Amino acid sequence: MTVKEICTEYSKLGNETLKKQCLNKIKITPYVPVLRKDALADIIARRTVFEYENYIAEDGTIKTRSTENVKVNTFIGYILFCRTVIEEYTNLEIDKEHFDTDYDALKTSGLLNILMGGENSIIPEEEIAELRTIIEMKKNDLLATESSIDIFMKRQIDRFNAFGEATLTPLMDVVSKKLDKIPKEDLDKVVEFAKNGGFKEV
């Protein structure tokens with residue numbers, strides 16, 4: 001059952017008995033293993049801390065990748081957290097491309113609070129709290145690492161190398177091709193002229 005289907009059905013029901021019967025269609029996973037939480041938290045933390053960009057893959061599809069530039073986006077982090085909790089702890093099918101509409105449906109129907117709204121939520125509160133804690137630890141680790149001087153220096157060197165490869169290599173290719181076209185005896189004359197101090201500093 002999709003998120004939209006359960007939200008639409010739940011919203012139409014007029015009494016608490018029918019609403020409770022509707023909620024019985026949602027199967028809850030009581031515990032997600034800690035290593036799974038670790039992997040999920042890593043994804044959410046990275047999407048929260050780093051800037052991402054779209055690119056066209058070799059197969060022509062549009063994909064997303066990290067730019068490795070720090071640009072904290074707590075809204076994205078929150079939406080991904082909600083999406084992950086619904087995916088991991090319920091049998092509901094989400095709309096991966098447009099989870100914002102699923103979120104709105106869950107919120108307006110009241111199901112978001114029922115699923116993950118604290119001590120009365122049907123997803124175990126301690127599970128939600130543990131996942132949230134691991135995400136915060138991951139975010140703090142990423143920000144601490146990114147702010148270290150070693151990482152800063154490495155990024156500057158990498159950028160300088162990339163800049164050099166992008167600009168100097170094509171320039172050297174052009175110069176090399178031009179030099180190949182000059183007769184050897186002319187080049188010898190220039191070299192001899194330079195050796196004899198023909199180029200004076202102005």
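Keep in mind it's a predicted model, so treat the numbers as computed, not measured.
At distances below 3.5 Å, at least one donor-acceptor pair connects side-chain atoms of Asp102 with backbone N or O atoms of Asp95. The closest donor-acceptor contact from the side chain of Lys107 to the backbone of Leu112 lies at 3.5 Å or more, if one exists at all. Judged purely by atom type and a 3.5 angstrom limit, Asn140 uses its side chain to pair as donor or acceptor with the backbone of Glu136. Here the side chain of Asn91 pairs a donor or acceptor atom with the backbone of Lys25 at under 3.5 angstrom. Not one N or O on the side chain of Thr61 forms a donor-acceptor pair closer than 3.5 Å with the backbone of Ala57. A donor-acceptor pair under 3.5 Å is formed between the side chain of Ser109 and the backbone N or O of Leu106. When atom types are taken as modelled, the side chain of Thr74 and the backbone of Gly77 share no donor-acceptor pair closer than 3.5 angstrom.
Residue Glu51 is tested with Asn73, Val72, Thr67 for a side chain to side chain contact (heavy atoms under 4.5 Å, CB included); the sole match is Thr67.
A search for salt bridge (Lys or Arg N to Asp or Glu O under 4.0 Å) contacts involving Lys96 returns Glu87, not counting sequence neighbours. Applying the ring-ring contact (aromatic ring centres under 6.0 Å, His included) test to Tyr103 and every residue at least two apart in sequence or in another chain returns Tyr78.
In plain terms, the two heavy atoms of Tyr52 and Arg46 that are nearest each other are CE1-O, 3.4 Å. Shortest non-hydrogen contact noted between Arg36 and Val32 is CG-CG1, 3.4 Å.
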Quiz prompt | Derivation of the side chain to side chain contact (heavy atoms under 4.5 Å, CB included) call for Met1 and Glu93 | solution = CA-CA 6 Å; Met1 179 173 258; Glu93 296 172 33; over 6 Å; no
Exercise. Please step through side chain to side chain contact (heavy atoms under 4.5 Å, CB included) for the pair Leu115 and Ile26, ending with a clear verdict.
Key: CA-CA 9 Å; Leu115 289 170; Ile26 304 173; 4.2 Å; yes
Practice problem: Step by step, work out the side chain to side chain contact (heavy atoms under 4.5 Å, CB included) result for Ile134 and Met137. | Solution: CA-CA 5 Å; Ile134 297 171; Met137 290 190 294; 3.9 Å; yes
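Cation-pi check for Lys71 over Phe50 is not met; the charged atom does not lie both under 6.0 angstrom from the ring centroid and within 45 degrees of its normal.
Side-chain heavy atoms closer than 4.5 Å link hydrophobic residues (I, L, V, M, F, W, Y) into clusters, and following such links, even through other members, never connects Ile79 to Ile43.
The local environment of CZ in Phe75 is sparse, with at most 12 non-hydrogen atoms from other residues, nucleotides or ligands closer than 6.0 Å. No more than 12 heavy atoms of other residues, nucleotides or ligands sit less than 6.0 Å from atom CD of Glu97.
Taking Ile, Leu, Val, Met, Phe, Trp and Tyr as hydrophobic and joining them when side-chain heavy atoms fall under 4.5 Å apart, one finds Leu13 in a cluster with Leu18.
Side-chain N/O atoms of Lys27 and Thr90 include no donor and acceptor closer than 3.5 Å. No donor-acceptor contact under 3.5 angstrom links the side chains of Tyr31 and Glu127, judged on distance only.
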